[in-house]
Amino acid sequence: IVMANPLFAIRGGGDWRLLKGSPAVDVGDPAIVPAAGEFDALGFGHPRVDDGDFDGASRLDLGAIEFGGLITNAGLHGTLTVGQTLVLTQWGQPGALRALLLGLPGAPLDLGDKGFVYLATSPLIVLSVGTLPPSGASVVLSGVLPPAAAGLTIHLQALQKAGALHWTNLERLTILP
């Protein structure tokens with residue numbers, strides 16, 4: 001049982017995704033081992049077990065949604081409207097090299113402790129690269145959604161390398177008119 005603030009993305013707003021530093025990350029029962037390829041309540045691209053504290057060991061989080069290191073401001077449903085600002089934040093090890101990728105969803109590729117790759121290998125577009133700051137959190141993409149983006153669904157995934165390589169969860173965003 002977690003008695004401290006669980007650090008939900010939008011506490012009281014119905015967005016129960018965990019944020020970095022949540023006391024619910026990686027503290028689930030180690031005896032519970034979900035089946036390979038099992039996803040959390042968000043579905044495809046969100047493994048039920050992930051290395052949410054980036055210590056090299058995957059462990060279950062408390063709650064129905066696993067912290068995976070990449071989160072948009074689009075809420076649980078992954079939708080924003082033309083004219084709204086998209087903010088995509090990546091968490092990880094401070095000082096880690098990081099990259100943000102855009103692509104089509106593919107068959108999950110299990111890389112063990114490195115996570116899963118959920119994007120197809122072609123086409124794959126690198127949107128940004130850099131280094132995670134001392135806080136371990138960085139806004140890796142931000143901007144107002146233009147009218148030309150209406151009706152698109154985009155798939156984003158990030159990776160980091162601080163010693164070992166680690167892939168984040170997949171974030172899907174549908175842009176409404």
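Judged by distance alone, the side chains of T174 and T79 never bring a donor and an acceptor atom under 3.5 Å apart. A donor and an acceptor atom, one from each side chain of R172 and T72, are nowhere located under 3.5 Å apart.
Between L76 atom CG and D15 atom CG the span is 4.0 Å, to the nearest 0.5 Å. Annotation: the span from D26 atom CG to S58 atom OG amounts to 7.5 Å, rounded to 0.5 Å. Atom NE2 of H166 sits about 5.5 Å away from atom CG of D51, to the nearest 0.5 Å. Taken from OG in S135 to NZ in K20, the straight-line distance is 10.5 Å, to the nearest 0.5 Å. Separating the CG atom in L101 from the NE2 atom in H155 is a distance of 14.0 Å, to the nearest 0.5 Å. Here I65 contributes atom CD1 and H46 contributes atom NE2; the two are 8.5 Å apart, rounded to the nearest 0.5 Å.
Residues L42 and L70 do not share a hydrophobic cluster, defined by chaining ILVMFWY side chains whose heavy atoms lie under 4.5 Å apart. When the side chains of ILVMFWY residues are joined at heavy-atom separations under 4.5 Å, either directly or via intervening members, L173 and V82 end up in a single hydrophobic cluster. Using a 4.5 Å cut-off between side-chain heavy atoms of Ile, Leu, Val, Met, Phe, Trp and Tyr, with links allowed through other members, W91 and L165 fall into different hydrophobic clusters. When the side chains of ILVMFWY residues are joined at heavy-atom separations under 4.5 Å, either directly or via intervening members, L109 and W167 end up in a single hydrophobic cluster. Cluster annotation: L156 and V126 are assigned to distinct hydrophobic clusters (Ile/Leu/Val/Met/Phe/Trp/Tyr, side-chain heavy-atom contacts under 4.5 Å, transitive).
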**From CA spacing to verdict: side-chain contact (heavy atoms from CB on, under 4.5 Å), L80, I175** = CA-CA 5 Å; L80 289 174; I175 304 163; 5.6 Å; no
**Prompt:** Does the pair R98 and V140 meet the rule for a side-chain contact (heavy atoms from CB on, under 4.5 Å), with working shown?
**Reply:** CA-CA 9 Å; R98 61 147 194 90; V140 292; 3.4 Å; yes
**Request:** Determine, stepwise, if the pair L60 / D50 fulfils side-chain contact (heavy atoms from CB on, under 4.5 Å).
**Result:** CA-CA 7 Å; L60 195 67; D50 199 0; over 6 Å; no
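Looking only at side-chain heavy atoms (C-beta outward), V49 and P47 stay at 4.5 Å or farther from each other. P105 is not listed as a side-chain neighbour of Y118, based on a closest heavy-atom distance of 4.5 Å or more. Within the 4.5 Å cutoff, the side chain of Q84 has no heavy atoms near those of the V144 side chain. Looking at heavy atoms from C-beta onward, P177 lies out of side-chain contact with T81 at the 4.5 angstrom threshold. The closest side-chain heavy-atom distance from L132 to S138 is below 4.5 Å. For the pair L141 and L100, the minimum side-chain heavy-atom distance is below 4.5 Å.
With hydrogens and angles disregarded, no donor-acceptor distance shorter than 3.5 Å links the side chain of T85 to the backbone of G143. In terms of modelled atom types and a separation under 3.5 Å, the side chain of T168 and the main chain of A158 share a donor-acceptor contact. E66 places a side-chain N or O within donor-acceptor distance of the main-chain N or O of D61, the cut-off being under 3.5 Å. Formation of a donor-acceptor pair under 3.5 Å by the Q90 side chain with backbone atoms of V139 is not found in this model. In this structure, Q157 contributes its side chain and F116 its backbone to a donor-acceptor pair below 3.5 Å. No donor-acceptor pair under 3.5 Å is formed between the side chain of S142 and the backbone N or O of V87. Listed for the D55 side chain is a donor-acceptor partner under 3.5 Å among the backbone atoms of A57.
Contact detail for Q93 and A162: the closest heavy-atom pair is CB-CB, 3.7 Å. Of all the heavy atoms in P23 and A4, the pair that sits closest is CG-CB, 4.0 Å. Residue R59 comes nearest to P30 through the heavy atom pair NH2-CD, 3.2 Å, listed as atom of the first residue, atom of the second, then distance. Nearest heavy-atom pair across L18 and A24 is CD1-CB, 4.0 Å. Contact detail for F39 and G45: the closest heavy-atom pair is CE2-N, 3.6 Å. When all heavy atoms are compared, the tightest approach of D110 to G112 is OD1-N, 2.7 Å.
The one candidate from T89, V25, I71 that meets the side-chain contact (heavy atoms from CB on, under 4.5 Å) condition with L19 is I71.
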